[in-house]
Amino acid sequence: SQSIRDALAVNKKVILPLFSAETASILKTWPLEFDGCTVVAISDVVAGASASLLPLNIAVSDAPSVQAMAHATARLIA
């Protein structure tokens, strides 16, 4: 929607958790700009796939688990 595009365009504080490379591939087909986002990837493979979104930053979770993803995201918020 236009409101999502507008929010992503002006907000450099959007955190986008990605749990799969497939999700990154799907997002790449959407008409959105992710250059203001920080991606939190569950693994190095997902981080590599998310690079095609051209985010501002990419953080990789310490372990491939929901708990580690939550911790990695919380570090960005705190």
Side-chain angles (χ1 to χ4, degrees):
S1 77
Q2 186 60 44
S3 62
I4 293 172
R5 283 191 288 276
D6 292 345
L8 289 174
V10 298
N11 193 343
K12 302 244 184 263
K13 295 184 180 182
V14 173
I15 299 171
L16 180 64
L18 290 179
F19 291 84
S20 75
E22 182 177 1
T23 301
S25 296
I26 291 167
L27 289 174
K28 180 74 174 155
T29 66
W30 291 9
L32 298 173
E33 299 292 327
F34 296 97
D35 57 341
C37 298
T38 295
V39 167
V40 178
I42 197 163
S43 68
D44 289 330
V45 170
V46 176
S50 69
S52 68
L53 300 174
L54 305 175
L56 183 64
N57 295 303
I58 301 172
V60 181
S61 174
D62 292 336
S65 69
V66 173
Q67 183 178 10
M69 284 288 285
H71 184 70
T73 302
R75 282 190 302 235
L76 295 171
I77 295 169

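Among all heavy-atom pairs drawn from A41 and A47, the shortest one is CB-N, 3.5 Å. For A49 against A21, the heavy-atom pair with the smallest separation is CB-CB, 3.7 Å. Residue S50 comes nearest to P55 through the heavy atom pair O-CD, 3.5 Å, listed as atom of the first residue, atom of the second, then distance.
Distance alone, capped at 3.5 Å, is enough to place a donor-acceptor pair between the S43 side chain and the V46 backbone.
With F34 as the fixed residue, the side chain to side chain contact (heavy atoms under 4.5 Å, CB included) test singles out one of L16, L56, L54: L16. Checked against V60 for a side chain to side chain contact (heavy atoms under 4.5 Å, CB included), the options D44, V40, I42, V45 give a single hit: D44.
Atom CD1 of I26 is separated from atom CD of E22 by 4.5 Å, given to the nearest 0.5 angstrom. If you take CD1 on I15 and OG1 on T73, they are separated by 6.0 Å, rounding to the nearest 0.5 Å.
Legend: residues meeting side-chain hydrogen bond (donor to acceptor under 3.5 Å, both in side chains) with S20, ordered by chain and number and at least two apart, are T23. Take S52 and apply the side chain to side chain contact (heavy atoms under 4.5 Å, CB included) test, not counting sequence neighbours, and it matches K28. Residues meeting the side-chain hydrogen bond (donor to acceptor under 3.5 Å, both in side chains) test with D62, sequence neighbours left out: R75.
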